[in-house]
There are 4 protein chains.
Amino acid sequence: MINIDLRSREPIYEQLIDNIKQLIFSGILAPDEKLPSVRELASQLTINPNTIQKAYKELENMGYIYSARGRGNFVMPVDRNKGEVYGMELLNKMKELVREANYVGIPKKSILEMIDDIYNKSVNKEVQK
Amino acid sequence: MINIDLRSREPIYEQLIDNIKQLIFSGILAPDEKLPSVRELASQLTINPNTIQKAYKELENMGYIYSARGRGNFVMPVDRNKGEVYGMELLNKMKELVREANYVGIPKKSILEMIDDIYNKSVNKEVQK
Amino acid sequence: MINIDLRSREPIYEQLIDNIKQLIFSGILAPDEKLPSVRELASQLTINPNTIQKAYKELENMGYIYSARGRGNFVMPVDRNKGEVYGMELLNKMKELVREANYVGIPKKSILEMIDDIYNKSVNKEVQK
Amino acid sequence: MINIDLRSREPIYEQLIDNIKQLIFSGILAPDEKLPSVRELASQLTINPNTIQKAYKELENMGYIYSARGRGNFVMPVDRNKGEVYGMELLNKMKELVREANYVGIPKKSILEMIDDIYNKSVNKEVQK
DNA sequence: GTGGTCTAGACCACA
DNA sequence: GTGGTCTAGACCACC
């Protein structure tokens, strides 16, 4: 499920963060579900525990997971109060990619299909409008 | 036109690259148009010329600009042959953002509006489908 | 009355200690009043009894409660002889918070109101000067 | 200026954070002023650079400093937009200490003097009300 | 067994 | 020279 490229320019701990975020966003990791322990994931990916620790800590700072000493790390239930600021940032990041897609000739249809695919699977009916 | 935040965590040269790419994608910088010279941009942004140089070099490697010795740097005309691989990468990056947007509750409508806005302004009629 | 956040970064036993200390300081728990038994509190908060035990033990060491074997734990009557050293520590901790409040722009008035509120409710007339 | 107790229960990096925060709040470190480099502070305090790094990173996350690769760490200019939530948290922490002070018999006057002392030195006239 | 802190030491990326 | 990443390995704190 988790895919790390040791040769990549992107730091290992950031790849980890991205991987786990995607598992959360796609619902594979449910709210309050326990993540693999630091040591377990470390040995499984043959990566130093400190690096896993760092990724988990960062995810905690970002509000995606919470960490309880002696018990483990868990997925933080969604906080839809993240606010409009955060939403705007997300949309702006997407905007840059869409401009590039338009520029290199990716048809609009391909993008719309991808979006439909994700939103149709969503449990949250409100956002589908 | 170019906006650098010296306090940002993102390296200055990367901010430069992103800025210039966006100027190209949005058509503000036209194909074969000349970019500001390294020195000029450096003094204008009060940034070390080496940093500008590095950004230009990288943009050249990525194929977005070309450099003509003694004359300056110019916008590379679009190459729509970048291939499907590149397109897939772009779509995958967008996919991650869309999943997050869905997760935090951004309505589909907001995203579609943003996309329409960009594609409608496009000169390239082919991609609008 | 007791409020534990299992998702908090602060250890559960410390949250317990803080909660009980506040109940004592605010007079909700009177001197020589009996605290809930370890088992009772454990099942009520669905927390490991060892954790409750640890909190009680610590509170006893700090002099806020005393334990009578076979009978339970009780609130220790106030000892105003804790000495000037202890008072200075308290004031220094407050000082740090006040500096921060000043820095982030909290008006002095808000702080004074909060203090008045607490001291006016106090039974101890001596300290109100 | 910075005071670390290696024997304390409080982690070194947290002591560092508190120390630096106080230097900022009291105006000893001015906005956009450069902090000592990681290595410099490490050798000066005979502490491992990683530990300093960790403290700086945390301070960055909290928004008190910003960090620029190749240049150093700098004090972040105050953001009075931290919002009321943050202010309430601060006041609640103070509240707990004030209750305790009241309980152990610290006279109100001592607290008020301390507060006056801090707010009178403040440049920000608005908060002195 | 779980997360968290710390050190020593290597190596990379940025300006 | 500045910050950032990573490893190996030790030890502590919590539940």
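Here is how names work: the chains are called A, B, and so on, in the same order as the sequence lines, proteins then strands, and each is numbered from 1. On a predicted model such as this, the values are computed, not experimentally measured, just so you know.
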Colleague: Atom CD of A:Gln15 and atom C1' of F:dG4: how far apart are they, to the nearest Å?
Modeller: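 In whole Å, F:dG4 C1' lies 15 Å from A:Gln15 CD.
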Colleague: Under the rule for side chain to side chain contact (heavy atoms under 4.5 Å, CB included), what residues qualify as partners of D:Ser8, not counting sequence neighbours?
Modeller: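 With sequence neighbours excluded, D:Ser8 shows a side chain to side chain contact (heavy atoms under 4.5 Å, CB included) to D:Asp5, D:Glu10, D:Gln15, given in chain and number order.
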Colleague: When you look at NZ of D:Lys95, are more than 12 heavy atoms from neighbouring residues, nucleotides or ligands closer to it than 6.0 Å?
Modeller: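 Counting neighbours around NZ of D:Lys95, 12 or fewer heavy atoms of other residues, nucleotides or ligands fall under 6.0 Å, so no.
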Colleague: If I take atom CD1 in residue D:Ile65 and atom C1' in nucleotide F:dG3, what distance separates them, rounded to the nearest angstrom?
Modeller: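 In whole Å, F:dG3 C1' and D:Ile65 CD1 are 11 Å from each other.
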Colleague: Whole Å only: how far is the CG atom of D:Leu59 from the P atom of F:dG3?
Modeller: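 Between P of F:dG3 and CG of D:Leu59: 13 Å.
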Colleague: Working to the nearest 0.5 Å, report the span between CD1 of A:Ile17 and CE of A:Met62.
Modeller: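 Atom-to-atom, A:Ile17:CD1 and A:Met62:CE are 4.0 Å apart.
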Colleague: Would one find more than 12 heavy atoms of other residues, nucleotides or ligands at under 6.0 Å from atom NZ of A:Lys21?
Modeller: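 Atom NZ in A:Lys21 is packed in, count exceeds 12.
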Colleague: Would a 4.5 Å heavy-atom cut-off, applied to side chains only, mark B:Ile20 and B:Tyr64 as touching?
Modeller: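 When only atoms from C-beta onward are counted, B:Tyr64 and B:Ile20 do not touch, as no gap falls below 4.5 Å.
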Colleague: Check the angle between the aromatic planes of D:Phe25 and C:Tyr103 and answer parallel, tilted or perpendicular using the 30° and 60° thresholds.
Modeller: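 It falls in the tilted class, 30° to 60°.
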Colleague: When you measure from the side chain of B:Thr46 to the backbone N and O of B:Ser43, does any donor-acceptor pair fall under 3.5 Å?
Modeller: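 Not a single qualifying donor-acceptor pair exists.
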Colleague: Using a 4.0 Å heavy-atom cut-off to protein, can you give one letter per nucleotide of nucleotides 7-15 of chain F, 5' to 3': B if the base is in contact, S if only the sugar-phosphate is, - if neither?
Modeller: BBB----BS
Colleague: Between A:Ile52 (CD1) and E:dT5 (P), how many Å, whole number?
Modeller: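 So the CD1-P distance, A:Ile52 to E:dT5, works out to 17 Å.
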Colleague: What's the spacing between C:Leu6 CG and C:Leu45 CG if we round to 0.5 Å?
Modeller: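 Going from CG on C:Leu6 over to CG on C:Leu45, the span is 9.0 Å.
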Colleague: Starting at NZ of A:Lys57 and ending at P of E:dC6, how long is that distance when rounded to a whole Å?
Modeller: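 The answer, rounded to whole Å, is 10 Å.
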Colleague: Whole angstrom is fine here: how far is it from CG in B:Asp5 over to C1' in E:dA15?
Modeller: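 So the two atoms are 16 Å apart, to the nearest Å.
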Colleague: In whole Å, I'd like the distance from the CD atom of D:Glu58 to the C1' atom of E:dC6.
Modeller: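 Whole-Å distance recorded here is 15 Å.
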Colleague: For B:Lys34, does the NZ atom have more than 12 heavy-atom neighbours from other residues, nucleotides or ligands under 6.0 Å away?
Modeller: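 For B:Lys34, atom NZ is crowded (more than 12 foreign heavy atoms under 6.0 Å).
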Colleague: Does a side-chain N or O from A:Gln53 land closer than 4.0 Å to OP1 or OP2 of E:dG4, or not?
Modeller: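 So the side chain of A:Gln53 is within the cut-off, an N or O lying under 4.0 Å from OP1 or OP2 of E:dG4.
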Colleague: Would you write out the dot-bracket form of DNA chain F, 5' to 3', with Watson-Crick and G-U pairs under 3.5 Å, [ ] for crossing pairs, | for pairs to other strands and . for unpaired bases?
Modeller: ||||||||||||||.
Colleague: What integer distance in Å separates A:Glu40:CD from E:dG1:P?
Modeller: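 One finds 12 Å between P of E:dG1 and CD of A:Glu40, rounded.
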Colleague: Looking only at side-chain N and O atoms, does A:Asn73 come under 4.0 Å of OP1 or OP2 in E:dT2?
Modeller: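 No, outside the criterion.
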